Amino acid sequence: MLYSRLLLPTLKENPAEAEAVSHRLLLRAGMIRKLASGIYNYLPLGLRVLRKVENIVREEMNRAGAQEVLLPAVQPAELWQESGRWQVYGKELLRFKDRHGRDSCFGPTHEEVITDLVRREVHSYRQLPLNLYQIQVKFRDEIRPRFGLIRGREFLMKDGYSFHVDEADSETCYGEMYRAYSRAFQRCGLNFKVVEADSGPIGGSFSHEFMVLADTGEDSLASCAACDYAANLEKAEVAPPQGNPAPAPGAAPEAVATPEVRTVEEVAAFLKVSPREVVKTLIYETEAGPVAVLLRGDHEVNEVKVKNLLGVTELILAGPARIQELTGAEVGFAGPVGLNLPLYADQAVMALAAMVTGANRDGYHLIQVHPQRDLVLTQVADLRLVTAQDPCPRCGGALEILRGIEVGHIFKLGRKYSQALKATFLDAAGQEQYLYMGCYGIGVSRIVAAAIEQGHDADGIIWPLALAPFQVGLIPIALTDAATREATFRLHDELEAAGLEVLLDDRDERPGVKFKDYDLMGLPLRVVIGPKTLAKGQAEVRHRRSRETVMVGLDHLVSYLKDQISKELHG
RNA sequence: CGGGGUGUGGCGCAGCCUGGUAGCGCAUCGGCUUUGGGAGCCGAGGGUCGGAGGUUCAAAUCCUCUCACCCCGACCA
């Protein structure tokens with residue numbers, strides 16, 4: 001490919017709109033351009049990378065026995081009404097009417113459509129299992145699109161759905177997808193971690209996310225240094241407290257004046273106690289009514305755990321007026337003693353012998369509160385976020401808290417959609433049964449950004465070979481030199497004939513400009529040819545990642561490059 | 001949606017506070033010279049200062065409204 005024929009507008013300066021590294025470099029390297037918030041054009045270079053990811057994912061899905069389909073992006077409201085999600089999906093679902101006034105939406109995901117297809121076409125256990133996937137543009141009207149391709153509104157996704165006669169078979173498929181995903185992300189050259197994830201309201205006993213490790217990631221995860229336990233922070237368990245969980249009660253609770261002392265830090269400092277002895281009382285509104293959650297002052301609530309324990313989908317911290325109404329006191333003085341609300345305590349609270357709580361009275365706190373003697377608890381559970389100070393819940397080893405970008409998510413759907421949409425089959429006994437389903441997603445365009453978050457330096461992108469838009473960049477030092485020109489074009493043709501992807505910079509630019517652009521684009525191998533190298537019958541090959549250069553004789557340059565590429569692609 | 005910020009040639013910015021003929025760097029076009037890490041000189045083109053309304057003799061600058069975008073929080077591939 002000749003540079004002069006490509007639409008490849010590189011930028012010297014960082015666009016003001018881009019903050020994230022991948023966003024900046026995608027723009028600067030001329031791979032994407034923004035059309036609207038969270039909506040991007042892919043230019044030729046960006047599309048080449050996107051296609052590479054897509055093909056790796058496709059190959060691994062096919063290898064795992066899945067079949068590719070293509071479902072419509074525009075979907076009728078009826079299906080969503082049938083599944084019940086037309087009401088619950090929220091504003092991320094882009095809705096509109098067609099010319100006849102029929103409610104429609106742009107598909108953010110395809111459970112409804114695929115289940116509809118399968119219920120029409122599959123009637124017998126003999127047709128099962130079935131694993132279908134597609135690679136398609138999705139639209140989710142995100143609250144806040146950001147970081148370029150990492151969270152766009154329109155994005156390319158691989159979504160797959162499997163159908164089974166029973167739960168055991170769906171779990172077999174889950175395992176196959178787990179392995180296929182791992183292979184795909186490995187081939188993409190990503191440093192990733194598989195973590196246990198919250199399976200959410202859909203239910204199911206387990207779910208996994210595939211996280212590309214990057215400090216700029218939007219997700220946090222806990223990972224054990226000693227064993228293979230790793231979980232999304234919102235899922236990560238806290239090991240039950242060790243030692244004596246029920247210390248003997250001491251003196252009776254006593255109210256003390258704490259004027260204008262509200263936060264945990266202020267209370268701890270005022271009463272000269274450790275923040276861990278100050279218990280905070282969080283008042284939440286849920287669709288099932290208000291509740292109170294107790295946590296040690298030095299701990300952070302995990303709202304996902306609270307939601308799951310309560311079985312609610314709505315969990316919002318109560319506002320000042322509502323707190324006043326429920327506790328009789330201002331924010332900062334709520335406490336569990338005598339509070340007429342369902343009371344849920346984090347397990348760590350139970351290990352305290354004497355704690356400080358709000359007194360439900362402005363300007364007062366209670367001291368010497370004993371959890372078992374003084375509180376009427378609805379339930380005690382693990383309700384907080386783990387920290388790097390907590391031991392691993394599996395092996396007791398040290399936990400690390402890392403940041404990651406979610407590029408894949410697999411979970412079991414069970415019979416949620418098959419029941420809602422009445423997707424059934426006849427089993428061997430002639431009985432009508434609901435299908436068991438699994439669901440598997442990969443953020444294809446997000447992988448492009450994640451690979452850059454993981455592979456870059458001050459000069460630009462460093463692509464893994466498998467994703468690079470071109471494998472080799474070819475730079476002539478002086479195209480005005482006839483010998484150089486002739487040798488460069490001949491080499492370009494030879495490389496292409498050998499099946500290598502090569503970009504020849506035939507622009508009338510000075511070498512420095514080309515070097516900068518190639519570092520920015522991040523092609524793995526760069527070949528420089530000029531009068532000086534030609535005089536020795538050689539070319540200079542530079543590895544983008546290591547920055548090492550070697551002189552290679554022109555007569556075996558093609559085989560040298562082929563070797564380098566196959567070495568990196570196949571280990 | 002709440003909080004913070006930015007809109008001035010294609011890109012990055014100054015000018016705004018204190019109203020008075022719209023500027024700089026890069027990019028673009030033409031010419032000459034250059035050619036191993038974002039070249040030099042000469043010349044040229046390109047902007048209703050996000051939009052609307054208002055104040056004023058006069059608005060990029062002051063006021064009101066509005067739109068777009070970015071960053072921090074609640075959603076997810």
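In this text the structure is predicted, and so the values were computed from the model without any measurement. As a basis for the values below, the full set of heavy atoms in this structure was taken, side chains included, without hydrogen atoms, waters or symmetry mates. Chain letters run A, B, ... following the sequence lines, proteins first, then strands; residues in each count from 1.
Remark: B:rC49 base-pairs with no nucleotide in the shown strands. Criterion, Watson-Crick or G-U wobble with two distances under 3.5 Å. Across the strands present, B:rU6 finds its partner in B:rA68; the criterion is a Watson-Crick or G-U wobble pair with both atom distances under 3.5 angstrom. With a cut-off of 3.5 Å on both Watson-Crick or G-U wobble distances, the partner of B:rA39 is given as B:rU33. Nucleotide B:rC1 has B:rG73 as its partner under the Watson-Crick or G-U criteria, with both atom distances under 3.5 Å. Across all strands shown, B:rC13 is found opposite B:rG23 as a Watson-Crick or G-U wobble partner, with both distances under 3.5 Å.
A donor-acceptor pair is defined here as one N or O able to donate and one able to accept, closer than 3.5 Å; no such pair exists between the side chain of A:His23 and the backbone of A:Ala20.
Counting any heavy atom pair closer than 4.0 Å across all strands shown, A:Lys34 reaches sugar-phosphate atoms only and no base atom. As judged by a 4.0 angstrom heavy-atom cut-off over every strand, A:Asp481 is placed among residues making no nucleic acid contact. Nucleic acid contact class of A:Arg153 (heavy atoms, under 4.0 Å, all strands): none. When heavy atoms are screened at a 4.0 angstrom cut-off, A:Pro15 is found touching the sugar-phosphate backbone but no base atom. If you check every strand for non-hydrogen atoms under 4.0 Å, A:Glu540 touches a base. In this structure, A:Arg542 reaches the bases: a heavy-atom distance under 4.0 Å links it to at least one base atom across the strands shown. Within 4.0 Å of A:Asp159, counting heavy atoms only, lies no atom of the nucleic acid at all. The residue A:Thr533 sits close to a base: some heavy atom pair falls under 4.0 Å. Base contact: A:Val513 has a heavy atom under 4.0 Å from a base atom.
Note on A:Arg544 versus A:Asp457: salt bridge recorded, some NZ/NE/NH1/NH2 to OD/OE distance being below 4.0 Å. Comment: A:Arg403 does not engage A:Glu218 in a salt bridge, judged by the lack of any side-chain N to carboxylate O separation of less than 4.0 angstrom.
For B:rC72, the OP1/OP2 oxygens have a side-chain nitrogen or oxygen of A:Arg146 closer than 4.0 Å. Taking side-chain N and O atoms only, A:Lys138 has no distance below 4.0 Å to OP1 or OP2 of B:rA77. For the OP1/OP2 pair of B:rC76 and a distance below 4.0 Å, the side-chain nitrogens and oxygens of A:Arg140 include no atom meeting the criterion. Put simply, A:Arg144 has a side-chain N or O that comes within less than 4.0 Å of OP1 or OP2 on B:rC72. OP1 or OP2 of B:rC70 sits under 4.0 Å from a side-chain N or O of A:Ser37.
Using a 3.5 Å distance cut-off with no hydrogens or angles, the side chains of A:Thr533 and A:Gln538 do not pair a donor with an acceptor.
Relative ring orientation between A:Phe192 and A:Phe210 is described as tilted, the plane-to-plane angle lying within the 30° to 60° band.
Nearest nucleotide to the A:Phe147 side chain, out of B:rC76, B:rC71, B:rC1: B:rC71.
Separation of the P atoms belonging to B:rG10 and B:rG37 is 33 Å when rounded to the nearest angstrom. Only the P atoms considered, B:rA59 is 25 Å distant from B:rC67, to the nearest whole Å.
One atom, CG of A:Asp219, and another, P of B:rC75, lie 11 Å apart when rounded to the nearest Å. Between the CD atom of A:Gln136 and the P atom of B:rA77 there is a distance of 15 Å, rounded to whole Å. Between the CZ atom of A:Arg507 and the P atom of B:rA39 there is a distance of 11 Å, given to the nearest Å.
For A:Phe411 and A:Tyr440, the distance between ring centers is not under 6.0 angstrom.
An aromatic stack links A:Phe155 and the base of B:rA77, using centre distance under 5.5 Å and interplanar angle under 30°.
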